[in-house]
Every structure is written in C-alpha cells, then in structure tokens.
Amino acid sequence: MKPITIRDPTKLSSHISTAAKNTEALIIQALDKIPDMKTLNKLHSRIISHPNLHSDTSLAIKLMRAYSACGKPDITRKVFDRMPQRNNVICNVMIRSYVNNNYYREAIMTYKNALASGVNPDHYTFPCILKACSSMTDSRLGLQIHCSAVKKLLHRALFTGNGLIAMYGKCGNLVKARQVFDEMPVKDIVSFNSMVAGYSQNGRFDEAFEVCKEMVSLGVKPNPGTMASLSPAVNNTTFENVTFVKNIFLDMPKDEIVAWNVMIAMYSNNSMSSDAINLYTQMEACGPEPDAITIASVLPPCGDLSALSLGKRIHKYVETKLSLPDLAVENALIDMYAKCGCLKDARKVFDKMIAKDVVSWTSMISAYGRSGKGREAKELFSRMRAFGIYPDSIAFVSILSACSHAGLLDEGRNYYESMTAEFKLVPRLEHFTCMVDLLGRAGRIDEAYNRIKNMPMEPNDRVWGALLSACHVYNNVDIGVIAADRLFELAPHQSGYYVLLSNIYAKAGRWKDVDLIRSIMKEKRIKKIPGVSNVEMGDRVHTFLAGDRSHPQTDEIYLELDVLLGRIKEIGYIPKVDGSLHDVEAEEKENLLVVHSEKLAIVFAMINSEPGVQIRITKNLRVCEDCHVAIKFISKVTEREIVVRDTNRYHHFENGICSCGDYW
DNA sequence: TACTGACCTA
C-alpha cells in the first residue's frame, strides 16, 4: 500500500477519516464473507483497538452475525454487551444468533429484556422469537407474541403469520393455527407446509392431506418441505394417499434428500417393500447421497424381501460413508440380517456396537427367538438386564415369543410374571397372543382358551389364530371349532384359517365337515393361497410355485431333485404321505403330491451356487412336515446350511438338524 | 442506517 503523504495540514482530518473509512470497508468486506474463527478473531482485535471503530454499531452487528454463523453465540453476546446503545436491529441480531444456535432459553430472555428496556419488536423479531417459542413449546409466550403482533398489525404479515402457524402447530393449538392461516391475505408455500406440519404432528392425518390437496388445487406446487411436513401422516395410509404423495414427488426437484427419504419410508411403512427398494436403487443412480435416515428406512424392506445382497451392499456403504455410531442404522442392520436369516452377521453388528439401546437388544433377542434359539435369547435377555437396560413392552413380546418358539413353557410364564409384577408393565394384546401361543404349543389348550376368556380386552384374530394352530397340532376339534368360528367373523377372507379347520376335521376323520368347509370357501370365493418360495441369486429373486415347470432351468432342477431324493432315501428319508389323503378330492390329492415350491427353490439354489454356500429360501406359507424332514436330510447329504423363512419363523437346517427342534 | 428470514425425515 502507498504511504499517504500529507501536503496540506488542514486536510489531515479528512485523510484520517478516509483511511478509517477504507479500513472499515475492508473489515466489512471480510466480515460479510463469514470468515473462519481465526480471521474473525483478528478482525475483532482490529476493531477493538481502532479508536473510531470500536463503538460502531453497524460493524458490531456484522461482527455478531459472523460469530453467530461460526456457532459462537457466547462471543456474539460479549460484543452485544459491550455496545452502549441497543436498538431493535442489534437486539434482533442477538436473538437470531441464539435461535440459530438452538439457545432458545437465552433468546427468550434477551427478547424479554429488550422489551423491558423499551425496544420495539418488529417484523424481523417476530418470526425469529416465534421459532424459539415453537422449539420450547412455550405457548404462553407464543400467545403474548401473537398479541404484540396484532397490536403492530403484523400478525397477517407473511413471515410472522407463518411463524405463528408453526408455533401454534407445535403447541397443539390447531384451531388457532388454522385461524391465523385462514386470515392471512397472502400465503406462500411455507404457510401451507406449516399448516400441514401442524396437522400431521398432531396425528390429524386426514386434515394434513386435505391442506396438501388444497394447495395443489390453488396452484401452489408442493416442495420437499411439504413432503417432510406430511411425513408423519404417510405411514399406514390409504392407497389413494400413497399415490397422491408419489405424484407430488414426481413433480418436484429431486435434489433434496428429504423428499427421497419420505418416499422410501412411506413405501416401507405401507408394506410396499419392493417399491422402497426400487426407489432406493434409483436414488443410488441419480439422486442425492443416501444419509443415515435413508439407510434406516430402506433396510427394513431389505429384510422383508430377504434382499441380502442389497443389504450387504448397504452395510458396506454404511461403513465407508456414514458417520458411526448411529443407533438407528445399526439396529436396522441387525434386523435386516436377522430377517435374512443371517444370525451370525446380525450378531457381529450387535457385538461391534459401542452403545446399545433396548431396541438393539430386543432386535437380537427376537432374531434368536424366531429361529428357535431360546437359550441364546434368554441369555441375551439377562445380559441386557445386567447392563441396566430396562426391558420395555416390546422386549417382553420378543422374549415371550422366543420362549414359545423354543417350547420353554415355564420360562415364558416366569417372564410374563416378572413383566407385570417387577416391571409393572400392563400386558397388551401382543403379550396375550404370545401367552396363548406358548401354552398352545405346549399342549395346554384348555389353559390357553381360559387365558383368552379372561382377557381384559377383545381378543383379535392373531390370538384366536394361535389357539387354532395349537388345536391343529394337538387334534383338539372342540376348541378348534370355537376358535375358527371367531376367526371367520374377525378375518372372513383369510383362507389360512379355513384350511386349518379343514385339516383339523380331516385329522379327526370328519369328512362331512371337511366338505362343508370346502363348500363354504367356494361360496365365499375364498381361494387357497398357492405356496410360493423365493430365492435370491445375484441381484434377482427367483420365484417357484408348487409343481412349477416355468423356470428356464426346470429340466435340470427336476433331474437334480430326483438324484437328491434318491440320496436322502438311502439314509432314511421316507416321504410322508398324509393319512388323510385317501378321502381328499382327486384334484386336491394331485396338489398334495406335486413337488412343493421349497424343494424346487433349494435345488435351484444348489445348482447355481458353489458347494458349501448357505442357501436361503423365503416361503409365503408354513413349511409342511414332509418338506421339513426332507430338508433336514438334504442339509446333511449336501453339507449345506439351509435357512427357510416361513410366515412366522425361521428354520436353520444344518447337518440334519433344524433349529426349531421340530417344534413349530 | 444497519439484521435475515420461516416449514421438515427416523
């Protein structure tokens, strides 16, 4: 920089002020760029040491803004405290600094002090302080601010109005929120989004959708914020609503992750697992980088569909791209592996976790439970207790069902006892289902039935369903009929229950009743669900029906199946032909004799994978007795671990033994 | 005179 030469002493002061102006301009320029802390500290010292600048309000404001942006509201406060005069602008900056850094209590204090010292809040102050009220759900102050805004005729101003809607929404006062919303002469997308958020956060999902539809009809295009606001309302919703959300998603920019996340979660929570996975793959290809929320939303669908290769790819992504530990993600990984039948991988994730919550423990316990590994489930439950974690209602559901899957009658009773006596948890419907299942599987049909009769709430179809299956296993026709009667009322279109009752009659030789059931099914047009088995190979899922001959490799599959059946017959397999078969209609008989889908799927997997590789099958019905025996033998002769997931449990076949202990 | 702004994912 050139030295300033002073020729005329009379111009001295003007030179100084020019220099000061230059310095000030430079500092302002630097401050406006939001410098890092180091530069910021330097600039700050220059300002303080400068005789003309240290009390300059506009510089102080810029300085405060910069400190706030660096996440230092405490230093902002020091600058604020040193200023001799406070007007509304500098107070606004101070309050905003607090609010933007989540120091809501301090923001509110500052606001109150400013009011006390005669500072007038304005249209900058209201939106900001309302955000603090929302975050603290301080409805008293919220109301006061509403009154001040009315006095200043600012309550209908766009930003203040939006803040009021949000504040009332958070505080649960939807009447007020709606009133402000309706009275605003000009609304923008944030007004609509805030109204949507208010309704959906308070469980008023229909109204949330209504506002969304209203904004669309008024020509206001929903944005990713709309999706986020609607988010609580999209779980377990109607097909119509799902379609609506899908359409607004298709019609908006795809660069914001929240929109994708809400879509994936919506599919996941509406039993549309394959849609969730498809959208996720699309996101990988052309969307924003998935974050922890994306991952926690897409892993459950992976588990549902047993999409292990995708699940593993996501696990790698988690390890390379996400910042761990993240409880939600790790818990979701455990559950995904468990649902894919990979208990060891689930356990690996579990053991690696630095912090575990009750969900982590519960996921692992129920993973063992569903596989019939009652001992492991019990052990984890006591270890969880030893870690000082309190089991919640769901933890008891998983340990109770673990006991029932493993036939641990007394242990199950004890857990139930401690749940009510020690942990003071009120038994819910799910616990009764578990208990009925536990007693029923152990052959205590009467006791199970009595439990149902003494339930404090109305039993649902799952409770009666547990009783009916028990009656099927233990040939109890009388109680079976009672259970079936209730089920035909509660779930008249579930073909499974008709089939169960029909089988109960067949076992008892009551063929007239079997015919009766069959004619009822015909009359009501209830069709048996055909058995389907899925097996994942590479990136594809291959599906087999009973007697399926549509697969390209079908000849090879049947040939290999014959060879395999021959081999297992040599070591003792006797095909189990049901005794009731002789009295079954011809068509039915044929159905029972065709090769079941799980056998086809297993042979297919065997042909197409390396020896020793684990085979995983998912089935939409329960595995039949004959297949169960056959698969045990197959696991022995081929030295393969075979995991079959049926509708309510896992069978891990290894070396001729199944993890269910033939108890299912 | 100066200060930005708000709604939201599990």
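Letters A, B, ... mirror the listed sequences (proteins, then strands); counts begin at 1.
If you check dG5(B), dA2(B), dC8(B) against the side chain of V89(A), the one that comes closest is dA2(B). The listed nucleotides are dC7(B), dG5(B), dA10(B); the one nearest the side chain of S229(A) is dC7(B). Side chain of V93(A), nearest nucleotide from dC7(B), dC3(B), dT9(B): dC3(B). Of the candidate nucleotides dT9(B), dC7(B), dA2(B), dT9(B) has the atom lying nearest to any side-chain atom of D291(A). Closest contact between the side chain of N261(A) and the listed nucleotides dT9(B), dG5(B), dC3(B) involves dT9(B). Here the side chain of S58(A) is nearest to one of dA2(B), dG5(B), dT9(B), namely dA2(B).
Rounding to whole angstrom units, CG of residue D255(A) and C1' of dT9(B) are separated by 16 Å. Between R86(A) atom CZ and dA2(B) atom C1' the separation is 17 Å, expressed in whole Å. One can place CG of N223(A) at 10 Å from C1' of dC8(B), the figure rounded to the nearest angstrom. Summarising the geometry, the separation between CD1 on I27(A) and P on dA2(B) is reported as 20 Å, rounded to the nearest angstrom. Between the CG atom of N235(A) and the P atom of dT9(B) there is a distance of 12 Å, rounded to whole Å. Straight-line distance from the CG atom of D122(A) to the C1' atom of dA2(B): 12 Å, rounded to whole Å. Between I165(A) atom CD1 and dA6(B) atom P the separation is 15 Å, expressed in whole Å. Per the geometry, NZ belonging to K254(A) stands 20 Å off P belonging to dT9(B), to the nearest Å.
Contact between the side-chain N/O atoms of K62(A) and the OP1/OP2 oxygens of dC3(B) is found at a separation under 4.0 Å. Remark: K131(A) is not in phosphate contact with dC8(B), judged by side-chain N or O atoms under 4.0 Å from OP1 or OP2.
The residue from W361(A), F423(A), Y390(A) that alone fulfils the ring-ring contact (aromatic ring centres under 6.0 Å, His included) condition with F396(A) is F423(A).
Within the 4.0 angstrom heavy-atom criterion, base atoms lie near D188(A). Using a 4.0 Å heavy-atom criterion, one finds that A166(A) contacts the sugar-phosphate atoms exclusively. Contacts of A197(A) with the nucleic acid, taken as non-hydrogen atoms under 4.0 Å apart, involve only primed sugar atoms and P, OP1 or OP2. T57(A) comes within 4.0 angstrom of a base, heavy atoms only. Among the protein residues, Q201(A) comes within range of the sugar-phosphate backbone only, with heavy atoms under 4.0 Å from sugar or phosphate atoms but none that close to a base. Among the heavy atoms of the strands lying under 4.0 Å from K170(A) are primed sugar atoms or P, OP1, OP2 only; no base atom is included.
Cation-pi geometry between K131(A) and F126(A) is not met: the NZ or CZ atom fails to fall both under 6.0 Å from the ring centre and inside 45° of the normal.
Ion pairing of R178(A) with D182(A) is present here, as a side-chain N (NZ or NE/NH1/NH2) and a carboxylate O approach within less than 4.0 Å. Salt-bridge check for E284(A) with K321(A): failed, with every basic side-chain N at 4.0 Å or more from each acidic carboxylate O.
Within the 3.5 Å criterion, the main-chain N or O of L158(A) finds no donor-acceptor partner in the side chain of H123(A).
Considering all non-hydrogen atoms of both residues, M167(A) and S134(A) come closest at CA-OG, 3.1 Å.
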